[in-house]
Amino acid sequence: MRRSDGHWASVERRNESTGARDMAAPRIRLGMIGGGEGAFIGAVHRIAARLDDRYELVAGALSASPDKAIRSAAAIGLGSDRSYPDFRTMAQAEAARTDGIEAVAIVTPNHMHAPVADAFLDAGIHIICDKPLTTTLEEARRLRDKARTSGLIFAVTYNYSGYPLVRHARSMVQGAELGAIRIVQVEYPQDWLADPLEATGQKQADWRTDPARSGAGGCVGDIGTHAYQLAHFVTGMMPEQILAETTIFVPGRRVDDNVQILLRYGNGARGALWASQVAPGNDNGLRLRIFGEKGGLDWRQEEPNLLVWSPLGEAPRSIRRGTTSMNAAGQRVNRLPAGHPEGYLEAFATIYAEVATAIVASRTASLADPALTFPTIEDGFAGVAMVDTVLRSSAAGGVWMPVEL
């Protein structure tokens with residue numbers, strides 16, 4: 001059931017060390033839209049959904065091309081009777097089945113998120129949607145309002161919030177171990193678009209640099225939203241104002257490939273966000289640093305099993321995933337003993353597992369467990385609102401603008 005803060009929770013039992021499902025709860029029947037041949041994120045979602053044995057993928061419309069959809073379904077073992085030529089046909093057919101899907105994963109290019117979500121909300125099916133939520137603020141606002149009144153679960157896969165040490169850091173902030181937060185520094189540099197890769201026809205580069213499919217925000221929507229959500233998830237703070245500059249460094253590119261953002265928080269804290277896809281030497285360099293009155297935290301996605309805690313006036317301390325130094329919030333989503341690295345897929349799976357627990361709770365209207373949390377449509381809306389504000393601030397020459405909350 002939904003808590004008052006918009007997050008979801010339940011009392012379904014969970015193995016604290018492995019995240020394994022309660023065997024009394026049947027697997028959730030899952031469908032997927034997109035994620036067929038040549039797609040990257042579809043396979044990630046399928047692995048994440050299966051890692052904790054909580055879901056069974058039973059239906060899909062895996063491509064906008066009916067022929068490719070059929071081939072893609074056969075390749076992953078979906079039955080031909082539940083491989084659909086388009087998402088609308090699938091939504092109607094699955095809603096009519098007694099064994100129809102309970103949830104759908106939307107892993108299409110960005111411009112299709114809203115129409116697909118609309119169809120499955122209308123069909124009464126829970127949503128697990130890739131980010132960003134939509135390509136326009138107006139569309140995001142409409143979809144958020146619709147989801148709020150539906151009573152359905154609507155998760156957005158900001159997967160970096162699934163890492164155990166990110167959960168640990170969040171709990172430290174909530175427990176006032178850092179004192180009042182003063183500074184938030186978050187960055188997400190990559191280098192894969194430093195050359196005009198889209199000109200070669202590479203699928204990922206092609207659609208991510210096409211404003212008709214990715215939205216007007218390029219880098220800021222693709223990875224800047226991840227950095228923004230991570231900072232909010234850990235600190236609990238949302239900026240009230242933004243000043244931004246977007247840049248297109250690669251000649252001929254139609255969307256930004258670098259963004260620099262200043263953040264003003266209502267409590268007086270200040271922040272900065274840098275995201276780039278043209279920074280040589282960076283693969284997936286998501287990093288969050290938070291500084292408060294009593295100390296600072298430093299976490300890097302490429303070294304996710306280490307969190308550095310620096311109490312004021314003391315030597316920095318290493319907090320390692322799986323050890324006794326990790327708090328209850330981190331241990332709750334931990335799977336493996338120390339020394340066995342957990343990474344991207346496990347963090348993604350944590351989001352799926354949390355959503356599964358909420359879906360099981362919705363079957364029986366179970367009481368809420370305050371420990372359960374995952375990104376919802378509220379987080380999805382916040383990301384789109386950030387992108388909209390960034391683009392308007394940059395277009396105005398870099399001026400402070402309020403962010404719609």
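- Salt-bridge check for Arg29 with Asp99: failed, with every basic side-chain N at 4.0 Å or more from each acidic carboxylate O.
- Ser394 places a side-chain N or O within donor-acceptor distance of the main-chain N or O of Thr246, the cut-off being under 3.5 Å.
- A distance-only check finds a donor-acceptor pair linking the side chain of Gln331 to the backbone of Thr323 [under 3.5 Å].
- Annotation: side chain of Tyr352 is not in contact with side chain of Arg50 (no heavy-atom distance under 4.5 Å).
- Of the possible donor and acceptor atoms, none in the side chain of Asn305 sits under 3.5 Å from a partner among the backbone N and O of Pro341.
- Heavy-atom contacts from other residues, nucleotides or ligands closer than 6.0 Å to CZ of Arg142 number more than 12.
- No donor-acceptor pair under 3.5 Å is formed between the side chain of Asp52 and the backbone N or O of Arg54.
- Glu354 and Arg332 are joined by a salt bridge, as a carboxylate oxygen and a charged side-chain nitrogen come within less than 4.0 angstrom of each other.
- Residue Glu245 holds its CD atom at 11.0 Å from CD1 of Ile261, rounded to the nearest 0.5 Å.
- Within the 4.5 Å cutoff, no side-chain heavy atoms of Ile33 are placed close to those of Val107.
- Using modelled atom types, one finds no donor on one side chain facing an acceptor on the other under 3.5 Å when comparing Gln301 with Tyr188.
- Shortest non-hydrogen contact noted between Val399 and Ala396 is CG2-CB, 3.7 Å.
- Using modelled atom types, one side-chain atom of Asp86 and one backbone atom of Thr89 make a donor-acceptor pair closer than 3.5 Å.
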Pair up each side-chain donor or acceptor in residues 128-137 with any protein partner under 3.5 Å, not counting sequence neighbours, and list the distances.
| from | atom 1 | to | atom 2 | distance (Å) |
| --- | --- | --- | --- | --- |
| Asp130 | OD1 | Thr157 | OG1 | 2.9 |
| Lys131 | NZ | Asp222 | O | 2.8 |
| Lys131 | NZ | Asp222 | OD1 | 3.4 |
| Thr134 | OG1 | Thr136 | O | 2.8 |
| Thr134 | OG1 | Ala140 | N | 3.3 |
| Thr136 | OG1 | Glu139 | N | 3.1 |

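- Atom CZ of Arg253 and atom OG1 of Thr247 lie 12.5 Å apart (nearest 0.5 Å).
- In this model, a donor atom of one side chain and an acceptor atom of the other lie less than 3.5 Å apart for Thr350 and Arg335.
- Environment of CD in Glu293: crowded, with over 12 heavy atoms of neighbouring residues, nucleotides or ligands closer than 6.0 Å.
- Under the 30°/60° scheme for interplanar angles, the aromatic rings of Phe348 and Tyr344 are found to stand perpendicular.
- One distance of note links CG of Leu286 with CZ of Arg300; it measures 11.5 Å at 0.5 Å rounding.
- Nearest heavy atoms, Ile106 versus His113: CG2-CD2, 3.9 Å.
- Inter-residue side-chain proximity for Tyr160 and Pro304 is flagged as unmet; no heavy-atom pair is nearer than 4.5 Å.
- Contact annotation: the side chain of Thr209 never approaches that of Arg254 to less than 4.5 Å [non-hydrogen atoms, C-beta and beyond].
- With rounding to the nearest 0.5 Å, the separation of OG1 in Thr200 from CG in Asp195 is 10.0 Å.
- The two residues Gly224 and Ala275 come nearest to each other via the heavy atoms CA-CB, 4.0 Å.
- Between the side chains of Arg264 and Gln241, at least one donor N or O sits under 3.5 Å from an acceptor N or O.
- Nearest heavy atoms, Val259 versus Val390: CG2-CG1, 3.8 Å.
- Side-chain rings of Tyr158 and Phe233 stay apart, their centers remaining 6.0 Å or farther from each other.
- A donor and an acceptor atom, one from each side chain of Ser65 and Ser63, are nowhere located under 3.5 Å apart.
- Distance alone, capped at 3.5 Å, is enough to place a donor-acceptor pair between the Ser72 side chain and the Glu37 backbone.
- Residues Ile127 and Val104 have side chains in contact (heavy-atom distance under 4.5 Å, counting atoms from C-beta outward).
- The existence of a salt bridge linking Arg208 and Glu198 is excluded, since no basic side-chain nitrogen approaches an acidic carboxylate oxygen closer than 4.0 Å.
- For the residue pair Asn258 and Trp274, a side-chain donor N or O sits within less than 3.5 Å of a side-chain acceptor on the partner.
- Annotation: side chain of Trp309 is in contact with side chain of Leu178 (closest heavy-atom distance under 4.5 Å).
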Stepwise side chain to side chain contact (heavy atoms under 4.5 Å, CB included) test for Met326 and Arg320
CA-CA 7 Å; Met326 193 164 63; Arg320 295 192 177 275; over 6 Å; no
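- The closest donor-acceptor contact from the side chain of Arg46 to the backbone of Gly35 lies under 3.5 Å.
- Ser161 places a side-chain heavy atom less than 4.5 Å from the side chain of Gln229.
- Put simply, the side chain of Leu121 reaches to within 4.5 Å of the side chain of Phe154, judged on heavy atoms.
- Without hydrogens or angle criteria, Asp256 side chain to Val220 main chain gives a donor-acceptor distance under 3.5 Å.
- With Arg167 as the partner, the side-chain contact (heavy atoms from CB on, under 4.5 Å) test is satisfied by one option alone out of Val333, Asn327, Asn334: Val333.
- No more than 12 heavy-atom neighbours from other residues, nucleotides or ligands sit within 6.0 angstrom of CD on Glu303.
- The CD1 atom of Ile223 sits 4.5 Å away from the CD atom of Gln277 when rounded to the nearest 0.5 Å.
- Nearest heavy atoms, Ala205 versus Leu193: CB-CD2, 3.8 Å.
- A salt bridge between Arg287 and Glu302 is absent, with no side-chain N of the basic residue lying under 4.0 Å from a carboxylate O of the acidic one.
- Note: Leu62 CG to Leu57 CG = 7.5 Å, rounded to the nearest 0.5 Å.
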Set out, in order, the CA-CA distance, both residues' side-chain angles and the distance that settles side chain to side chain contact (heavy atoms under 4.5 Å, CB included) for Glu346 and Leu51, then state yes or no.
CA-CA 8 Å; Glu346 289 87 352; Leu51 192 61; 4.0 Å; yes
For Asn110 and Trp207, what are the C-alpha separation, side-chain angles and deciding distance, and is it a side chain to side chain contact (heavy atoms under 4.5 Å, CB included)?
CA-CA 9 Å; Asn110 304 344; Trp207 79 259; 3.5 Å; yes
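- Looking at Asp388 and Arg392, a side-chain N of the basic residue comes within less than 4.0 Å of a carboxylate O on the acidic one, giving a salt bridge.
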Run the side chain to side chain contact (heavy atoms under 4.5 Å, CB included) test on Leu152 and His126 for me, step by step, so that the C-alpha distance in whole Å, both residues' side-chain angles and the decisive distance to 0.1 Å come before the verdict.
CA-CA 5 Å; Leu152 295 167; His126 301 301; 3.7 Å; yes
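- Here the closest non-hydrogen pair linking Leu307 and Asp298 is CD1-O, 3.6 Å.
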